[in-house]
Amino acid sequence: MRVRVDLAHQAQHRVMHHENLATAIHERLAPRDSDIVVRKIRYGGMSTTDLDRQLRERGITTLVVSGISTSGAVLSTVIDAADRDYQLYILSDCVADPDTEVHDTLLHRVFPARAHIIDTTELRALLRAD
C-alpha cells in the first residue's frame, strides 16, 4: 500500500495566495498606519510570518484570538503562540468551524489548557479594567 501525503496542497491550489481576492483585507477593516500587517501563507499566523518578531519588538505579550476556522487558523495560531509563551484569550463568540463537534472539542477541551476562553462581553470588561 502506498500513501501519498500532499503537504503543499495550499501552495499548489494557490490557497491564501496574495493575488487571490478572497485574501484581501475588507475595506471596513483597513489597517491603520500603526497596525501590524503580515501576509500569512499557511494556516497559522506566526509560522511563516514575522508576526512574533513584530509583537516582541512592541512589548506585546498578550493576544486575543478570533477566526472562522477553529480547527485551522485558530488552532494553528493558538498552539504556536502558546509555545512562544504568549498569554492568550480566545473569543468564544468570535470563532467558528464547519464541524461543530471539532469546534466544541477544541473550545472546551483543548484550548483551555493553553488559553483563557472568554466572550466579547468579558473582553470589554477586561479592556475597561486596564
Side-chain angles (χ1 to χ4, degrees):
M1 174 195 290
R2 289 174 35 166
V3 177
R4 182 172 179 252
V5 179
D6 187 359
L7 298 177
H9 172 80
Q10 293 171 321
Q12 202 173 18
H13 297 284
R14 300 178 71 82
V15 175
M16 294 191 276
H17 190 272
H18 71 280
E19 293 176 354
N20 183 337
L21 291 178
T23 66
I25 298 173
H26 191 279
E27 62 188 41
R28 291 177 55 193
L29 299 173
R32 299 177 187 148
D33 290 340
S34 62
D35 289 346
I36 296 172
V37 177
V38 296
R39 178 161 302 279
K40 62 184 196 146
I41 57 173
R42 294 292 188 255
Y43 287 111
M46 294 188 173
S47 64
T48 60
T49 70
D50 67 343
L51 180 58
D52 180 52
R53 180 188 59 77
Q54 290 194 58
L55 292 170
R56 291 189 189 283
E57 285 176 357
R58 289 168 173 81
I60 297 169
T61 59
T62 302
L63 304 178
V64 177
V65 181
S66 64
I68 59 168
S69 178
T70 310
S71 63
V74 174
L75 173 61
S76 182
T77 301
V78 166
I79 297 297
D80 198 0
D83 284 349
R84 296 172 193 247
D85 298 321
Y86 284 94
Q87 182 174 12
L88 299 171
Y89 291 88
I90 299 172
L91 297 177
S92 60
D93 54 347
C94 291
V95 291
D97 198 273
D99 186 327
T100 55
E101 186 176 343
V102 170
H103 171 80
D104 290 341
T105 298
L106 289 168
L107 204 57
H108 301 293
R109 295 180 181 235
V110 177
F111 290 157
R114 294 165 176 85
H116 303 281
I117 310 302
I118 62 172
D119 61 24
T120 50
T121 301
E122 293 170 287
L123 177 63
R124 282 189 210 101
L126 281 174
L127 293 173
R128 279 193 295 264
D130 284 346

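Remember, predicted model here, so these are calculated numbers, not experimental data.
Taking all atoms of both residues into account, the shortest heavy-atom contact from Arg84 to Arg56 is O-NH2, 2.6 Å. Of all the heavy atoms in Ser92 and Leu107, the pair that sits closest is CB-CD2, 4.0 Å. Taking each heavy atom of Ser71 and Val102 in turn, the nearest pair found is CB-CG1, 3.7 Å. Looking at every heavy atom in both residues, Val74 comes nearest to Gly67 through CG2-CA, 3.7 Å. Nearest approach of Ser66 to Val95, heavy atoms of both residues: CA-CG1, 3.8 Å. The minimum heavy-atom distance between Ala81 and Leu63, with the atom names listed, is CB-CD1, 4.0 Å.
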Problem set entry | Test side chain to side chain contact (heavy atoms under 4.5 Å, CB included) applied to Arg124 and Leu127, step by step | CA-CA 5 Å; Arg124 282 189 210 101; Leu127 293 173; 5.8 Å; no

Exercise. Can Leu88 and Phe111 be said to form a side chain to side chain contact (heavy atoms under 4.5 Å, CB included), step by step?
Worked result: CA-CA 10 Å; Leu88 299 171; Phe111 290 157; over 6 Å; no

Exercise. After noting the C-alpha distance and the side-chain angles of Ile118 and Leu91, does the key distance pass the side chain to side chain contact (heavy atoms under 4.5 Å, CB included) rule?
Worked result: CA-CA 5 Å; Ile118 62 172; Leu91 297 177; 3.8 Å; yes

For this session: Would you check, one step at a time, whether the test side chain to side chain contact (heavy atoms under 4.5 Å, CB included) holds for Tyr89 with Leu123?
Result: CA-CA 9 Å; Tyr89 291 88; Leu123 177 63; 5.8 Å; no

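Put simply, Tyr43 and Val78 are part of two different groups of oily side chains (I, L, V, M, F, W, Y) that touch within less than 4.5 Å, one to the next. Under the 4.5 Å side-chain contact rule for hydrophobic residues, Leu126 and Val65 do not share a cluster. In the hydrophobic cluster analysis, where Ile, Leu, Val, Met, Phe, Trp and Tyr join through side-chain heavy atoms closer than 4.5 angstrom, Ile117 is grouped together with Leu106. Hydrophobic clustering of Ile, Leu, Val, Met, Phe, Trp and Tyr side chains at less than 4.5 Å, counting indirect connections, keeps Val64 apart from Leu51. Hydrophobic cluster membership is shared by Tyr86 and Ile36, with clusters built from Ile, Leu, Val, Met, Phe, Trp and Tyr side chains linked at under 4.5 angstrom.
One distance of note links CE of Met46 with CZ of Arg53; it measures 12.5 Å at 0.5 Å rounding. The distance from the CD1 atom of Ile60 to the CG atom of Asp52 is 11.0 Å, given to the nearest 0.5 Å.
For residues 92-103, no residue pair satisfies the salt bridge (charged side-chain N to carboxylate O under 4.0 Å, His left out) rule, not counting sequence neighbours.
Annotation for Arg109: atom CZ does not count as buried by contact number, only 12 or fewer foreign heavy atoms lying within 6.0 Å.
Listed by chain and residue number, Leu75, Asp83, Arg114 satisfy the side-chain contact (heavy atoms from CB on, under 4.5 Å) test with Ile79 (two or more places apart in sequence, or in another chain).
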